[in-house]
2 protein chains.
Amino acid sequence: MKPKDEGKIAEIYAATLVLVKEQGLAGITMSMIAKKAGFATGTVYIYFANKEELIVKLFEKCSTDYANDYFAGYDPSSPFKVAFHTIWMNMLRYSIEHFDELVFIEQCFHSPFITDETRKATKERLLPWRELIERGKKEKLIKQLDASWIMLFVRGSVRDLVKHCTYNQLKITDTFKESLFEMCWDGIKD
Amino acid sequence: MKPKDEGKIAEIYAATLVLVKEQGLAGITMSMIAKKAGFATGTVYIYFANKEELIVKLFEKCSTDYANDYFAGYDPSSPFKVAFHTIWMNMLRYSIEHFDELVFIEQCFHSPFITDETRKATKERLLPWRELIERGKKEKLIKQLDASWIMLFVRGSVRDLVKHCTYNQLKITDTFKESLFEMCWDGIKD
DNA sequence: AAGATAGATGAATAATTATTCAGCTAAAAG
DNA sequence: CTTTTAGCTGAATAATTATTCATCTATCTT
């Protein structure tokens, strides 16, 4: 028997992400995905039962990758600002390097494919980030605002900046990154 | 002869916005729109040649309304921080009161319906906002960063916060608004 | 090396959705 | 009040897209 080529799943995912970035979730079809990935339409159905399963599985993959990346090198015992900086930079790096995944996740959030439970699970993966913010509040280093607001303030500003830079093909330098960090930090610090 | 009921256009628009907010651009059909608006599918085609025209016209309407609202009560001769506050509050108010339009515009940006020219035109409507930021830089009141970055920093943070509050049905109080404003302001001030 | 099994193909079919249109209705004009 | 015109309807049709499947192919097993 011929073994399943698991590498094809990655190719299907990659093709889907590129197409969604270019056309949006509303603009993609299964045959477009197959063509972009370089094989026949029917092949996609060997790996995924249908379009919905493909989208949902890709969403879950992106969502967990995203959360893992968030906490790379994060040491909860380090000083607050250091820890915050680590996660902030991870967030920025992920947004830049996996821009198509960022767009895909965002589009899925407003689509019939993703259920409320999935949405909730996605948020829960960022719990350590929330806990860090709470710690910053306790240590009186940042403003005494709801942790969600702080998190959204930070993420929202990073996201829109990365979008702008990506669409306008602007190189994001280290100096630029530190300037952005400073904006975020100044915004939340006590 | 029977006159065209121009009010129907508004009903079609409203139905479309609600559906896109609930289902995303990928999840809506012409019959869903007609049903939601309360009349027959064919009627939609009396007012719009096809689905694309409907989406594009609605996008343009939302986009101009948005830009107009941005500058309501804006007096360029007032002190920088006052002017900034006015526009910032307009942005927030619009995002809250016209949340479905916000979602719709965002979805359209990543869709096959909107062309690059339309995207560009949308940005150009916010020119006075850019000019205000440049003025703030000249007056050394805000950081010497690219005006686009400042604008995106502000808009991104506001957008994600409004999304969160809307989806979680949190009431946005005046105190809350001023707290958010302060975060933004602290982030960009020199 | 031959048989067996599961992957790969892409044209055929099914399902969904966009769009049309023949008949119907309401309002304006005369 | 009648005519006329254009809006309205929703079932019918066209177009698009998802999904299947008969056939072919590659590779594993013995």
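In what follows, chains are A, B, ... by sequence order, proteins preceding strands, each numbered from 1.
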Donor-acceptor pairs under 3.5 angstrom involving side-chain atoms of residues 101-110 of chain A: please list them, not counting sequence neighbours.
unit_1, atom_1, unit_2, atom_2, d
A:E101, OE1, A:Y94, OH, 2.4
A:E101, OE2, A:H98, ND1, 3.0
A:E106, OE1, A:K163, NZ, 3.4
A:E106, OE2, A:K163, NZ, 3.0
A:Q107, OE1, A:L25, N, 2.8
A:H110, ND1, B:Y167, OH, 3.1
A:H110, NE2, B:Y167, OH, 2.8

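Annotation: proximity of residues 48-60 of chain B to DNA chain C (heavy atom, distance under 4.0 Å) is found for B:N50, B:K51, numbered in ascending order. A heavy atom lying under 4.0 Å from DNA chain C marks the following residues of residues 37-47 of chain A, by number: A:F39, A:A40, A:G42, A:T43, A:I46, A:Y47. Sorted by residue number, the members of residues 7-20 of chain A with any non-hydrogen atom under 4.0 Å from DNA chain C read A:K8.
Residues passing the side chain to side chain contact (heavy atoms under 4.5 Å, CB included) test with A:K81, sequence neighbours excluded: A:F181, A:W185. Partners of A:N68 by side-chain hydrogen bond (donor to acceptor under 3.5 Å, both in side chains), not counting sequence neighbours: none found.
In this structure, A:M30 places its CE atom 12 Å from C1' of D:dT20, rounding to the nearest Å. Rounded to an integer number of Å, the gap from CG of B:D5 to C1' of D:dC8 is 11 Å. As rounded to whole Å, 18 Å separates atom P of C:dT16 from atom CD1 of B:I28. For the pair B:K4 NZ and D:dT9 C1', the interatomic distance rounds to 16 Å; values are reported in whole Å. Rounding to whole angstrom units, CE of residue A:M32 and P of D:dT16 are separated by 14 Å.
Taking the side chain as every heavy atom from C-beta outward, A:P128 and A:P76 never approach each other to under 4.5 Å. For the pair B:T118 and B:V56, the minimum side-chain heavy-atom distance is 4.5 Å or more.
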Expected rows: protein N/O vs nucleotides 23-30 of chain C N/O, under 3.5 Å:
unit_1, atom_1, unit_2, atom_2, d
C:dA28, O4', B:M1, O, 3.0

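Within the structure, the salt bridge (Lys or Arg N to Asp or Glu O under 4.0 Å) test picks out the following pairs touching residues 117-131 of chain B (sequence neighbours left out): B:D116-B:R119. Among pairs with a residue in residues 169-184 of chain A, those fulfilling side-chain hydrogen bond (donor to acceptor under 3.5 Å, both in side chains) read A:H85-A:E178, at least two apart in sequence or across chains. Counting only residues at least two apart or on different chains, the salt bridge (Lys or Arg N to Asp or Glu O under 4.0 Å) pairs with a member in residues 27-36 of chain A are A:E22-A:K36. Pairs of residues two or more places apart, or lying in two chains, that qualify as salt bridge (Lys or Arg N to Asp or Glu O under 4.0 Å) and include a residue from residues 49-58 of chain B are B:E53-B:K57. Applying the salt bridge (Lys or Arg N to Asp or Glu O under 4.0 Å) rule to pairs touching residues 64-79 of chain B yields B:K61-B:D65, B:D69-B:R93, sequence neighbours excluded.
A cation-pi arrangement is present between B:K4 and B:Y47 under the rule of less than 6.0 angstrom and at most 45 degrees off the ring axis.
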When you look at B:W129 and B:F84, which way does the ring-ring contact (aromatic ring centres under 6.0 Å, His included) test go after all the steps? CA-CA 9 Å; B:W129 176 223; B:F84 182 86; 5.5 Å; yes

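Nearest heavy atoms, B:V162 versus B:S95: CG1-O, 3.5 Å.
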